[in-house]
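Notes follow once the structure below has been shown.
Below, chains carry the letters A, B, ... as their sequence lines are ordered, and counting in each starts from 1. Not measured: the values here are computed from a predicted model. Hydrogens, waters and symmetry mates are skipped; everything else that's a heavy atom, side chains included, is used.
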Amino acid sequence: MLVSVSRRRSLAALAALGATLAAAPALAQVRIDISGVGGTRIPVAIVDFRDEAKSPQPIAGIIRADLERSGQFRSVDAPAGLNETSMPAFAEWRSKQADALVAGTVNRLADGRVDIRFKLWDVVKGTELIGQAQAVHPDDARLAAHRIADLIYEKLTGDKGVFATRMAYVTKTGRRYSLVIADADGEGAKVALTSPEPIISPAWAPNGRELAYVSFESGKATVRVQDVQTGARRVLADFKGTNSAPAWAPDGSQLALSLSREGGTQLFAINRDGSGVRRLARSSAIDTEPCYSPDGTQIYFVSDRGGGPQIYRMPAGGGGADRITFNGTYNISPAISPDGRTLAYITRTGGAFRVSVMDIATGDSQQISDASEDESPAFSPNGKLIVYASRAGGREVLMTTTLDGKIKTPLLITTAEVREPTWGPFASQ
Amino acid sequence: MKLTRYALTLIAAAALAGCGSTTKLDEPAPVATAQPAPAPAPAPQPPAPAQTAVKTVDLDAQYTEQVRDKRVVYFDFDSDVVKEEFRPLVDLHAKRLNNNKKQALTLEGHTDERGGREYNLALGQRRAEAVAKSLTLLGVAGTQVEAVSFGKERPAAQGSNEEAWSKNRRVELKDK
């Protein structure tokens, strides 16, 4: 009796401890919460998959959340019972005001993998649009659901989805810095590096497998490259002075970065293995924050050769630079859209730092954020969104915005300061 | 004559003994407790230095002591000019580095929190290099100083006001 009571007590204590640990700020819990989106949203019914409990993650729920968060879909109530082998009663679904319908099945394979298959129907026309099956490691069930959401998104909007992509960002909790990788929806956050010294400027390799970043772990800024999956790290640049601002060339063979090893902060290129350092430009000013055009032929960068910092462009191998930004006295942190047409950057107006976008062809620019300390814009791989660091309620947060600035979404944060976002490339299927 | 000489020798010996440098072995050693000291002794006097004492003057240590509380150079907003008031500080560091060519410094540039992280890193670098240049102009070897930057990542003072900002726009001179 006594034994069982104390056992029950210890179990209760364990449960309480578990709850405390779950609530502890081990990871910044980041979620994208798009709400208040007006306009036309496609009504879509996602039926719970048959035998969904065989998956460690709720497949239909993840798909629903992805599509709703994009701001382009509205979820329609869908009772269970349908699967990908069913013949839907389209008239019934039309009466529920659904334009599209998704159903599927989950199975456990003998080798432990999870088999997930689904179909997407056009309810209005009464036709099948996609049918697909994938077998994944149970830990990748969430990824599989994001991929299905991407397929649906692409089929119904014509644009590639970014639900299966990942973000990297830096959190600061007390004096501890962490480089964190999360799904684009903010779920499944995992710490890639934790350090007592600052980490800044993470940059995804085009293959999505490596991150380059600036770490101050050795008492100064050095550039490191880390294999995300294995954790293997290597020093890319540790020269005299400061090593910073890594940017991958689109083909992943080399990076541009800024080094002070020859005095001043100047632009260099370096092979991905750290060999072949070569100077790209020579100025008596600060040249930093390089950023390749998507075709790899140009480098956009920040220079204060004209006084205040402005954005310039030069051939990727070096050469004469053209000034790109002319409005205002302080324009920094260039990012180029995947189609190469739009420049996102930070501009100072009054005492505020805000995200602006410029049509590169016309030079027309527009401020799209409205806070006062916005930083580090980065494009989603489909070019539809920009993620950036901001400050709200005295805390560092991440925001996403459409390119017109009309739909802004905070990434909900429970604990740490969050900064330095970078959006990974499309995941390989 | 003989006596006189002996007496002179004694006097000389006594004089020398007075200096405390030589003592005849067969004479009883002076015992401190034998002296009747007045009851409330004033502050104990340090013993007189030995006649053969040599006080080492370690210039390294002296120069190091001189810069002990002179390790930070502050800057005006948006400026990398080493202000006149910090010239004496820079001079002392130069004297120390020139005296000991094996001594090396890391010059850590910092900025206030306003603006981008990478651009601030470059601004901090510029400040650190300005201090490095001031030192090399005074004869310090380039290999003795490394200018690096922390940008706005490591503020000395928290707060979003000029008081904090002015403390954060700085270069810290640290021994390597």
Side-chain angles (χ1 to χ4, degrees), chain A residues 170 172 175 177 197-201 214 216 218-222 239-247 257-261 263-266 285-290 301-304 307-309 329-334 345-346 348 351-353 372-377 389 391 394 419-420, chain B residues 75 77-80 104-137 140-156 158-162 164-165 168 171-176:
Chain A
V170 175
K172 185 180 178 227
R175 290 221 51 185
Y177 299 83
E197 298 298 337
I199 303 163
I200 63 168
S201 305
V214 176
F216 291 80
S218 61
K220 58 181 248 186
T222 58
F239 301 104
K240 185 177 184 181
T242 291
N243 309 261
S244 69
L257 76 176
S258 60
L259 303 176
S260 72
R261 67 173 197 170
T265 299
Q266 294 280 286
I286 287 171
D287 290 350
T288 188
E289 294 198 287
F301 63 101
V302 169
S303 178
D304 62 5
T329 56
Y330 191 106
N331 294 304
I332 59 165
S333 304
Y345 59 103
I346 296 295
R348 185 177 67 193
F353 297 87
S372 60
E373 291 171 66
D374 298 336
E375 292 182 355
S376 310
R391 192 171 265 278
R419 51 174 77 159
E420 302 287 271
Chain B
F75 290 80
F77 172 65
D78 208 19
S79 167
D80 62 352
L105 290 187
T106 300
L107 311 172
E108 286 182 7
H110 299 265
T111 68
D112 67 36
E113 65 178 355
R114 292 169 289 176
R117 295 182 189 281
E118 282 288 352
Y119 187 60
N120 272 317
L121 198 62
L123 289 175
Q125 183 68 27
R126 193 183 257 169
R127 283 179 179 148
E129 289 183 7
V131 174
K133 193 175 177 193
S134 302
L135 289 167
T136 52
L137 284 174
V140 173
T143 50
Q144 284 177 282
V145 287
E146 182 177 12
V148 302
S149 176
F150 279 80
K152 66 176 183 174
E153 307 305 325
R154 208 186 255 175
Q158 299 295 332
S160 296
N161 48 62
E162 180 51 34
W165 293 334
N168 292 334
V171 170
E172 295 187 12
L173 298 86
K174 292 187 170 172
D175 286 357
K176 268 203 176 181

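Ion pairing of Lys220(A) with Glu146(B) is present here, as a side-chain N (NZ or NE/NH1/NH2) and a carboxylate O approach within less than 4.0 Å. We find that Arg114(B) and Glu375(A) are not joined by a salt bridge, their nearest charged nitrogen and carboxylate oxygen being 4.0 Å or further apart.
Interface check for chain A: of the options Ala147(B), Ser160(B), Gly115(B), Gly151(B), the most heavy-atom pairs under 4.5 Å are formed by Gly115(B). Contact tally against chain B (heavy-atom pairs below 4.5 Å) for Pro309(A), Gly263(A), Ser258(A): the top residue is Pro309(A). Among Glu289(A), Glu197(A), Arg419(A), the residue with the largest count of heavy-atom pairs under 4.5 Å with chain B is Arg419(A). With respect to chain B, the highest number of heavy-atom pairs below 4.5 Å among Ala389(A), Gly219(A), Ala221(A), Gly351(A) belongs to Gly219(A).
Checked by atom type, the side-chain pair Glu118(B)/Ser333(A) shows no donor-acceptor distance below 3.5 Å.
With rounding to the nearest 0.5 angstrom, the OH atom of Tyr119(B) is 4.5 Å from the CD1 atom of Ile286(A). Residue Asn120(B) holds its CG atom at 7.5 Å from CD1 of Ile332(A), rounded to the nearest 0.5 Å. One distance of note links CZ of Phe216(A) with CG of Leu121(B); it measures 5.0 Å at 0.5 Å rounding.
For a residue to count as touching a neighbouring chain, one of its non-hydrogen atoms must lie under 4.5 Å from one of that chain's; by this rule Thr288(A) touches chain B with the side chain only. Using a 4.5 Å cut-off between heavy atoms, Pro198(A) contacts chain B through its side chain alone, with no backbone atom that close. Contacts between Ala122(B) and chain A at a heavy-atom distance below 4.5 Å involve backbone atoms as well as side-chain atoms.
A donor-acceptor pair under 3.5 Å is absent between the side-chain atoms of Thr242(A) and the main chain of Val148(B), judged by distance alone.
Within a 6.0 Å radius of NZ in Lys240(A), more than 12 heavy atoms belonging to other residues, nucleotides or ligands are found.
Using a 4.5 Å cut-off between non-hydrogen atoms, the part of residues 124-131 of chain B that approaches chain A consists of Gln125(B), Arg126(B), Glu129(B).
Between Leu123(B) and Thr265(A) the shortest side-chain heavy-atom distance does not fall below 4.5 Å.
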